[in-house]
Amino acid sequence: VVTFTCLINGLQKARRWAGVKELLNKMTEQGIKPDVFTYTGLIDGLCKEGKEMEAMKMFDLMMEKGVEPSTVTYNILINQLCKEGMIDDAFAFMERMNVSGNASDVVTYNTLILGLCEANKMGKAIKLLDEMLEGKVGVYPNTVTLNTIIHWLCKRGGISRALEFQKMMVEKGSGLRPDSFTYSIIINELSKLGKIDDAEKLLREMKDHGLSPTLLDYNTLMESMSRGGMKERMMSLFSEMSEKLRPDVISFNTLIDAAGRDGEFETMKKLFLDMLDRGLSPD
RNA sequence: CACCGAUCUAUUUAAC
């Protein structure tokens, strides 16, 4: 079963649907019964293709066949319901899962919290997070939970609250730690707002938590420096990043564009050659 | 206390 399930998952990623069907037939030919993993993978694949009806049918089919869905199976469908904006049904489905003997896990809650955010119900999302933090639901939040809330607070203009949550994460005893997602979310937001000093401070702070700024972080910050007309700072950030990472095409495009704004043709040329030197192909 | 497979979060650069 494992072999077949792996193969099926691979084909699904490659969107080779005919192959999936063929493999399923081959399985039954050989008397191998699909298990929870197989069905769950199929349901996920169908959801990702937007075939939600098919996914539900698959869910029913697996139950008919006496294969008991797992929390993962339910989580996928809860996610699907959220994506369709059916947040109440998503919660109801979680209820059904619990009744069937599958406990909610952190992914279940993360999915629902994201659903609430996307449905413009930040208040409820945060309330649910608080309940998790207080231990009222029996599942403690993780980095993904906080990242989701932080991201959506940013989108909804709540950057200061987002920063409070980030502070909470770095505190000892919170049981949480920020990851590179956390930082890229906030650095991106601060950059958009033109709060370059704050963004750079955060970039420095990453090292204190065992994280290194990524290409994305540097590129984002450089772009906002360019917008703010802080070319010197941008260039020094660029040389700093060059020591640690390989700047990519986006990095160079950003720099060339910045030089272009001021008509600095020589600089542009230099950058262009530098880019070729490093084996990058211009796009 | 039996190796392997399934689910959740961020995405930066050009033409106003």
Side-chain angles (χ1 to χ4, degrees), chain A residues 1-10 12-13 34-48 55 58 62 67 69-80 82-83 90 94 97 102 104-118 125 129 139 141-155 162 165-166 178-192 199 213-227 234 238 241 247-261 268 271 275 280 282-283:
Chain A
V1 223
V2 178
T3 315
F4 274 106
T5 304
C6 291
L7 288 169
I8 289 173
N9 288 335
Q12 275 191 328
K13 278 214 174 66
D35 67 4
V36 215
F37 285 70
T38 321
Y39 282 112
T40 302
L42 286 167
I43 290 171
D44 186 42
L46 289 168
C47 286
K48 299 228 155 95
M58 189 63 73
M62 90 186 269
V67 179
S70 69
T71 298
V72 175
T73 320
Y74 282 98
N75 285 345
I76 290 166
L77 290 166
I78 289 170
N79 189 27
Q80 179 60 35
C82 289
K83 290 287 180 283
M94 172 173 79
M97 169 176 90
N102 293 95
S104 307
D105 65 8
V106 67
V107 175
T108 314
Y109 284 102
N110 290 349
T111 304
L112 288 167
I113 284 178
L114 175 62
L116 288 169
C117 292
E118 285 174 339
L129 169 63
V139 178
N142 65 10
T143 303
V144 173
T145 324
L146 271 294
N147 288 351
T148 304
I149 291 284
I150 288 171
H151 177 216
W152 282 85
L153 280 172
C154 288
K155 286 184 89 128
F165 279 115
Q166 187 265 346
D179 64 3
S180 60
F181 276 53
T182 319
Y183 282 97
S184 63
I185 292 165
I186 299 177
I187 288 172
N188 182 40
E189 180 64 17
L190 290 172
S191 296
K192 266 196 218 145
T214 63
L215 263 182
L216 174 65
D217 299 322
Y218 280 113
N219 288 345
T220 304
L221 242 180
M222 288 195 310
E223 193 272 338
S224 68
M225 287 174 175
S226 157
R227 288 200 119 71
M234 179 185 73
F238 175 70
M241 90 184 274
D248 62 2
V249 181
I250 294 182
S251 318
F252 276 99
N253 287 349
T254 304
L255 295 179
I256 291 173
D257 178 57
R261 279 169 204 273
M268 295 171 72
L271 285 165
M275 175 174 183
L280 294 168
D283 64 8

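Throughout, protein chains are lettered first and strands after them, A, B, ... in sequence-line order, and every chain is numbered starting at 1.
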Problem - Sequence-distant partners of A:Asn75, side-chain hydrogen bond (donor to acceptor under 3.5 Å, both in side chains), two or more places apart - result: A:Asp105, A:Thr108
Practice task
List in chain and number order the residues that pass side-chain hydrogen bond (donor to acceptor under 3.5 Å, both in side chains) with A:Thr111, two or more places apart in sequence or in another chain; answer none if no residue qualifies.
Solution key: none
Completion exercise
In whole angstroms, the gap separating C1' of B:A6 from CG of A:Leu46 amounts to 13 Å
Practice task
Using the test side-chain hydrogen bond (donor to acceptor under 3.5 Å, both in side chains), find all partners of A:Thr182 that sit at least two apart in sequence or belong to another chain.
Solution key: A:Asn147, A:Asp179
Practice task
Check whether any side-chain N or O of A:Asp217 sits under 3.5 Å from a backbone N or O of A:Thr214 as a donor-acceptor pair, and report yes or no.
Solution key: yes
Problem - Integer-rounded Å distance: B:A6 C1' and A:Asp105 CG - result: 13 Å
Completion exercise
Protein-proximity profile, nucleotides 9-16 of chain B, B/S/- by nucleotide at the 4.0 Å heavy-atom cutoff, equals BBSBBS--
Fill in the blank from the handout: Atom CD1 of A:Ile8 and atom C1' of B:U7 are separated, to the nearest Å, by 17 Å
Handout entry: Spacing of A:Met94 atom CE relative to B:C8 atom P, expressed in whole Å
Key = 18 Å
Problem - Residue pairs, two or more places apart or on separate chains, that pass salt bridge (charged side-chain N to carboxylate O under 4.0 Å, His left out) and touch residues 141-153 of chain A - result: none
Problem - Those residues that, when tested against A:Ser226, pass side-chain hydrogen bond (donor to acceptor under 3.5 Å, both in side chains) (two or more places apart) - result: none
Problem - Interatomic distance where CG belongs to A:Leu146 and P belongs to B:C8 [whole Å] - result: 19 Å
Practice task
In whole angstrom, give the distance that lies between atom OH of A:Tyr39 and atom C1' of B:A6.
Solution key: 14 Å
